Amino acid sequence: MRLLVTGGAGFIGANFVHQTVAERPDVQVTVLDALTYAGNRRSLDAVADRIEFVHGDVADFALVDRLVAESDAVVHFAAESHNDNSLADPTPFVQTNVMGTFSLLQAVRAHDVRYHHISTDEVYGDLELDDPERFTESTPYNPSSPYSATKASSDLLVRAWARSFGVRATLSNCSNNYGPYQHVEKFIPRQITNLIDGVRPRLYGSGKNVRDWIHVDDHNAAVWTILEKGSLGQTYLIGADGEVDNRTVVGTLLELFGRDADDLDFVTDRPGHDLRYAIDSTRLRTELGWTPQYEDFRSGLEATVRWYRDNESWWRAQKESAEKAYAATESVIG
Ligand code: NAD
Ligand code: TDX
């Protein structure tokens, strides 16, 4: 099988490529990645001689058409992925997330290639802290940020191309991932690398916002399950029952670093900050038989801390510019 992986130099895509090369020797992987600030060639060093790497833009129609024509399937991870950046400048989000998906859809349609679309639970908006309901495949779309609005737009394009043109597509909407190779702008790596540097972790607003954490390897195993067993045209929600509030995540990290429980700063809240995400992944579990392997969040976090301690040369160069971007809008409120 010839598999085109877009965004394979990013966090989830790189982990997906590692998992695929390790577990599926029959799959020939081609990565298409623009190597934006979020992409890192070094994330693929360990598999460099087992894959083909193409440096290019998913919104480049001619390039995408050629690569898709040479593939049996596409998994589309490439995106602008950070909410805070989408508030500062939404332009690349519309370009990459909407136009990039459009370009891939036109190519898979032209060459009748199987397509899997990677998306997020953020397309559903947010939930109240005490809402007994969780997101399901039939929850109405209600995105809050420019990032989630562009992801929602791309999902709708995929659904339309599947229905109107018979494109052989599946979609997945996953909750918050953690694990190795995640950019230091994101919540968990930011706090881990702050703690390594002796800087206090920073919580937006009250710290009460809840995210539904899943280990990146569980997400990627689910993607393979859907590629192999999913029904065409169908959407699957991926989640591992991992709801934790941000304050508790920081509390666990402080404990792992042997620091005081209140050794943290509360900073300016994110505008439009979604309160809570929660996934009901019953369809994926009952229809396709997927179950998560990483059930203990604390030990998953501990392994992630170890990875950032052991791989400082991977993240160090990005830390200063990420913190500089935060400093432009963030101030300590408590
Ligand atoms: P990331 O920002 O770490 O990586 C994105 C990758 O895409 C980078 O390698 C970047 O260079 C590449 N890229 C960006 N624009 C491109 C373009 N125009 N052409 C080609 N490549 C381009 O993102 P991530 O966290 O790994 O997220 C991957 C996907 O998973 C995204 O679609 C995201 O919406 C989705 N997702 C992420 C999470 C999460 O918790 N991180 C959760 C659910 C869904
Ligand atoms: O320094 C911080 N302090 C803080 O309290 C940062 C960077 C974040 N936060 C909060 C905001 C969120 O409530 O932590 C939570 C997680 O923040 P992010 O890592 O920015 O993730 P989120 O906005 O939840 O979006 C993530 O999950 C869904 C990914 O970035 C998206 O790509 C994915 O679609």
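Starting from 1, each residue takes its place in the sequence as its number. Both counts, for ligands and for their atoms, begin at 1 and track the order of listing. The shown structure was predicted, so the numbers you read here are calculated from the model rather than taken from an experiment.
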Which ligand 2 atoms, with their elements, are less than 4.0 angstrom from a heavy-atom of Y277? 24 (O)
Is the shortest side-chain N to carboxylate O distance from D72 to R114 below 4.0 Å? no
Taking only Lys NZ, Arg NE, NH1 and NH2, and the carboxylate oxygens of Asp or Glu, determine whether R134 and E243 approach each other closer than 4.0 Å. no
Hey, does D274 come in under 3.5 Å of ligand 2, counting only N/O atoms on both sides? no
For atom 3 (N) of ligand 2, what's the nearest protein heavy atom and its distance? R202 O, 2.8 Å
Which of these passes ring-ring contact (aromatic ring centres under 6.0 Å, His included) with H183: Y37, W314, Y178, F11? Y37
Could you find the nearest protein heavy atom to atom 15 (C) of ligand 2 and give me its residue, atom name and distance? N246 ND2, 3.6 Å
If you measure from atom 2 (C) of ligand 2 to every heavy atom of Y326, Y147, Y204, which option wins on shortest distance? Y204
Short N-O contact, K208 and D245, less than 4.0 angstrom: no
List every atom of ligand 2 that sits less than 4.0 Å from any heavy atom of Q191, numbering the atoms from 1 in the order shown and giving each element. 1 (O), 2 (C), 3 (N)
Numbered atoms of ligand 2 (with element) below 4.0 Å of T120, judged on heavy atoms: 28 (C), 33 (C), 34 (O)
For atom 21 (O) of ligand 2, the closest protein heavy atom turns out to be N176 ND2, 3.5 Å
Apply side chain to side chain donor-acceptor pair (under 3.5 Å) to residues N209 and H273 and explain how you reach the verdict. CA-CA 8 Å; N209 304 62; H273 193 177; 3.2 Å; yes
Under a 3.5 Å distance rule, please check whether Y236 uses its side chain to pair with a backbone N or O of S231 as donor and acceptor. yes
W290 (side chain) donor-acceptor with D218 (main chain) under 3.5 angstrom: yes
What are the polar N/O contacts of ligand 1 with the protein below 3.5 Å, with distances?
| residue | atom | partner | partner atom | Å |
| --- | --- | --- | --- | --- |
| ligand 1 | 2 (O) | S81 | OG | 2.6 |
| ligand 1 | 3 (O) | F11 | N | 3.0 |
| ligand 1 | 9 (O) | G10 | N | 2.9 |
| ligand 1 | 9 (O) | D33 | OD1 | 3.2 |
| ligand 1 | 9 (O) | D33 | OD2 | 2.6 |
| ligand 1 | 11 (O) | D33 | OD1 | 2.6 |
| ligand 1 | 11 (O) | L35 | N | 3.4 |
| ligand 1 | 11 (O) | T36 | N | 3.1 |
| ligand 1 | 11 (O) | T36 | OG1 | 3.1 |
| ligand 1 | 18 (N) | D57 | OD1 | 2.9 |
| ligand 1 | 18 (N) | T96 | OG1 | 3.0 |
| ligand 1 | 19 (N) | V58 | N | 2.9 |
| ligand 1 | 21 (N) | A34 | N | 3.0 |
| ligand 1 | 23 (O) | S81 | OG | 3.3 |
| ligand 1 | 26 (O) | F11 | N | 3.3 |
| ligand 1 | 26 (O) | I12 | N | 2.8 |
| ligand 1 | 32 (O) | F77 | O | 2.9 |
| ligand 1 | 32 (O) | K151 | NZ | 2.6 |
| ligand 1 | 34 (O) | Y147 | OH | 2.6 |
| ligand 1 | 34 (O) | K151 | NZ | 3.1 |
| ligand 1 | 40 (O) | N177 | N | 2.9 |

Quick test of your reading of the model: are K319 and E323 salt-bridged, counting only N-O distances below 4.0 Å? yes
May I ask which of K208, K186, E185 has a heavy atom nearer to atom 30 (O) of ligand 2 than the others do? K186
Co-membership, hydrophobic cluster, residues V123 and I238, 4.5 Å side-chain: no
Is the closest heavy atom of H273 to ligand 2 under 4.0 Å? yes
N-O pairing of R24 and E228 below 4.0 Å: yes
Atoms of ligand 2 less than 4.0 Å from N83 heavy atoms? 22 (P), 23 (O), 25 (O)
Does either side chain, that of H117 or that of S172, offer a donor lying less than 3.5 Å from an acceptor on the other one? no
Looking at K151 and D121, is there a salt bridge between them, counting it only when a charged N and a carboxylate O are closer than 4.0 Å? no
Could you check, using the six-membered ring where one of them is a Trp, whether Y181 and W307 have ring centers closer than 6.0 angstrom? yes
If we only count N/O pairs under 3.5 Å, is W213 in contact with ligand 2? no
Among all protein heavy atoms, pick out the one at the shortest distance from atom 1 (O) of ligand 2; state its residue, atom name and that distance to 0.1 Å. R190 NH1, 2.7 Å
closest protein heavy atom to atom 24 (O) of ligand 2 is R211 NE, 2.7 Å
Nearest neighbour in protein (non-hydrogen) for atom 23 (O) of ligand 2: R270 NH1, 2.6 Å
Among all the protein's non-hydrogen atoms, which is closest to atom 32 (O) of ligand 2, and how far away is it? S81 O, 2.8 Å
Give the intermediate values and the outcome of side chain to side chain donor-acceptor pair (under 3.5 Å) for residues W224 and Q19. CA-CA 10 Å; W224 265 111; Q19 190 181 102; 5.0 Å; no
H82: numbered ligand 2 atoms lying under 4.0 Å from its heavy atoms: 20 (O)
Looking only at protein heavy atoms, identify the closest one to atom 16 (C) of ligand 2 and say how far it is in Å. F187 CB, 3.6 Å
Looking at E302 and R309, is there a salt bridge between them, counting it only when a charged N and a carboxylate O are closer than 4.0 Å? no
